[in-house]
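Note sheet for the following structure.
Sequence positions, counted from 1, serve as the residue numbers for this chain. Worth saying up front: this structure is predicted, and the values here are computed from it rather than measured.
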Amino acid sequence: MVRADGPAAVADDERARTWRDRLRHWFDRRRGWPLTLAGVLVTVVLVAHAQVPNAVGNLGSLLETFLPWLGLTVPVLLALALWRRAGYAVVAALLPAAVWLNLFGALLVDKSSGPGDFTVLTHNVAAANDDPQGTVRMLTGSGAQIVALEELSAAAAPGYAAGLAQKFPYHAVEGTVGLWSTYPIDGVTVVDIKMGWTRAFRAEVTTPKGPLAVYVAHLPSVRVKFDSGFTAGRRDVSAQALGDAIEHEPLRKVLLLGDLNGTMNDRSLAPITSQMRSAQGAAGDGFGFSWPASFPMARIDQILSKGGLIPTDSRTLPADASDHLAVAATYRY
C-alpha cells in the first residue's frame, strides 16, 4: 500500500502545481491586455452600433453599412491571444464572436422554401456598362418575370428596350429607371424622391395571382470623403420620401426593387426597411452582397416586400459588365 505522502502523491501534487502555474500564467492580467481591450471594444461596437451617432460624418450609418465585416476581427484577435497565451484575451475574443452570431448567424443558413409563383430581379446596369448585350442575355436567361433596371443612360435605354422586348412584352421607363414584365403594367406614376430628376416610379403589375404595386427606385449615391465623412444626407432625404410613398400605397401587396445605396442595417433607411421585409433576409443563403461586383462587400441592391408576399428564394446572379451584381427573388403570392 502506497502512503499518502509517497512518490505517487508527490507526483500528483507536482502535476497540480504545474496546472495551477499554467493557469496563472495564462490568466495573468498583464498578458495581452491590449488584445483583451480590443475584444471588449469590438463587442461593444457590435452590441451598441445603433448608439454610434450620425451627427459627425454619418459615422453610425457608415459603420452599419459594413457591420458584418467586424466579424473578421474575431479570428485575428483569437489567433493573437492564443499566440500570446493570454487567457483573458481569448475570452474577450470569443465575446464578439457570440454577438456576431446572434446578429448575423441566421443569414448563413439557407432559408429557401421551394418554388413560388413568380420571380423578380433588380439590377443597376451601370451607365458605363460596355457590354449591354451581355447584360440583356443575362436578364433574359434569368427566369424572372419582373425586371427592374437602374442607371439607364439615355443612350443605352433604347438598346435595353429592344433587347428585352421579346421576353418581356410590357415595360415602362421613367428617367433613369425602368421596369420590364411578362405581365401587364399599368398605373405608372413618378415618385418624387426629392432629387430634382426622376429616379423612382410606381407601377401596378397584374400577375396571374393578382395585382402588385411595384416600386422601382435608385436612391442617391453615397461617398466617403476625408473632409465630410459619409455623405449620405441626400440619400436619407430620398429614403424618407420613398418610405412615405410606400406607406400610403393603396394596394395591399407591394414590392420595392432597386439600388437603395444602403443596407438593411443602416438606420437611415428605416423609413423603408421598418415597413418592408427583405427577400434575402427571409429566404436567402448568406449575405447576398451585391456591390462592388469585383469584390462584393455590401448588399445595397434590395428586393423588399410587404402585404403578405412570401419570399421563397433569394440570390445574386453572376457578374456582367456592371459594377453591381443583379439580385433576384422568388415569391409566393
Checklist entry - Please walk me through it: do M276 and V254 pass side chain to side chain contact (heavy atoms under 4.5 Å, CB included)? => result CA-CA 9 Å; M276 306 194 82; V254 185; 4.2 Å; yes
Next on the checklist: For R277 and K306: C-alpha separation, side-chain torsions, deciding distance, then whether side chain to side chain contact (heavy atoms under 4.5 Å, CB included) applies.
Outcome noted: CA-CA 6 Å; R277 184 186 193 190; K306 72 174 188 176; over 6 Å; no
Item to check | Test side chain to side chain contact (heavy atoms under 4.5 Å, CB included) applied to W33 and Y88, step by step | outcome: CA-CA 8 Å; W33 68 263; Y88 287 112; over 6 Å; no
Checklist entry - So L309 and L255, side chain to side chain contact (heavy atoms under 4.5 Å, CB included) or not? Walk me through it. => result CA-CA 9 Å; L309 291 169; L255 280 174; 3.9 Å; yes
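Distance CG/L179 to CG/L149: 8.5 Å, rounded to 0.5 Å. Expressed to the nearest 0.5 Å, how far OG1 of T122 lies from NE2 of H324 amounts to 10.0 Å. Here the CG-CG distance, from L67 to D266, works out to 10.5 Å after rounding to the nearest 0.5 Å. Here the NE2 atom belonging to H123 is positioned 7.0 Å from the CG atom belonging to N129, to the nearest 0.5 angstrom. In this structure, the separation between CZ on F289 and CD on Q280 is 9.5 Å, given to the nearest 0.5 Å. Interatomic distance, CD1 of I146 versus CG of L212, reported as 5.5 Å (0.5 Å rounding).
Distance alone, capped at 3.5 Å, places no donor-acceptor pair between the T176 side chain and the E151 backbone. A donor-acceptor pair is defined here as one N or O able to donate and one able to accept, closer than 3.5 Å; no such pair exists between the side chain of W100 and the backbone of L70. With R234 contributing its side chain and P220 its backbone, the two residues share no donor-acceptor pair below 3.5 Å. Formation of a donor-acceptor pair under 3.5 Å by the S153 side chain with backbone atoms of A156 is found in this model. Side-chain atoms of Y333 come within 3.5 Å of backbone atoms of P211 as a donor-acceptor pair (strictly under, hydrogens ignored). Distance alone, capped at 3.5 Å, places no donor-acceptor pair between the E249 side chain and the A245 backbone. Side chain of E174 to backbone of R199: no donor-acceptor contact under 3.5 angstrom is found.
Of all the heavy atoms in E64 and T263, the pair that sits closest is O-OG1, 3.6 Å. Closest non-hydrogen pair, G175 versus V173, comes out as O-CG1, 3.8 Å. Counting all heavy atoms, side chain and backbone alike, E150 lies closest to D259 at OE1-N, 3.6 Å. Contact record, K209 with D117: CE-OD1, 3.4 Å, taken as the closest heavy-atom pair. The minimum heavy-atom distance linking G163 with T140 is given by the pair O-CG2, 4.2 Å. Nearest heavy-atom pair, A217 versus L256, reported as atom, atom and distance to 0.1 Å: CB-CD1, 4.2 Å.
In this structure the side chain of L164 reaches within 4.5 angstrom of the side chain of W180, judged on heavy atoms. Annotation: side chain of D285 is not in contact with side chain of K111 (no heavy-atom distance under 4.5 Å). Between V177 and L152 there is no side-chain heavy-atom pair separated by less than 4.5 Å. Side-chain contact between I303 and Y331 is present, with heavy atoms from C-beta onward closer than 4.5 Å. Between T135 and Y160 the shortest side-chain heavy-atom distance falls below 4.5 Å. In this structure, the side chains of E204 and T189 stay at 4.5 Å or more apart for every pair of heavy atoms. In this structure the side chain of L63 never reaches within 4.5 angstrom of the side chain of F230, judged on heavy atoms. You'll find the side chain of S221 stays beyond 4.5 Å of the side chain of R235, heavy atoms only.
Criterion: ILVMFWY side-chain heavy atoms under 4.5 Å apart, direct or through other members. Under it, L304 and I193 are part of a common hydrophobic cluster. Transitive grouping of hydrophobic side chains (ILVMFWY, heavy atoms separated by less than 4.5 Å) brings L59 and W69 into a common cluster. Linking Ile, Leu, Val, Met, Phe, Trp and Tyr whenever their side-chain heavy atoms come within less than 4.5 Å puts L139 and L317 in one cluster. Connection of V125 to W291 is not established within any shared hydrophobic cluster, with ILVMFWY side chains joined at heavy-atom distances below 4.5 Å, either directly or through further cluster members. In terms of hydrophobic clustering, with Ile, Leu, Val, Met, Phe, Trp and Tyr side chains grouped at heavy-atom distances under 4.5 Å, V188 and L251 are assigned to different clusters.
For the side chain to side chain donor-acceptor pair (under 3.5 Å) test, residues two or more places apart in sequence or in another chain that qualify with D244 are Q240.
Side-chain contact check for N54 and S61: at least one donor-acceptor pair (N or O, by modelled atom type) lies under 3.5 Å. D110 and S112 share a side-chain donor-acceptor pair at under 3.5 Å.
The residues K194 and D236 are annotated as not salt-bridged, no charged nitrogen and carboxylate oxygen being separated by less than 4.0 angstrom. A salt bridge does not link R299 with D301: none of the charged nitrogens is closer than 4.0 Å to a carboxylate oxygen.
For the side chain to side chain donor-acceptor pair (under 3.5 Å) criterion with T330, the lone passing option out of D313, T119, T312 is T119.
Counting only residues at least two apart or in different chains, ring-ring contact (aromatic ring centres under 6.0 Å, His included) contacts with residues 188-225 are absent.
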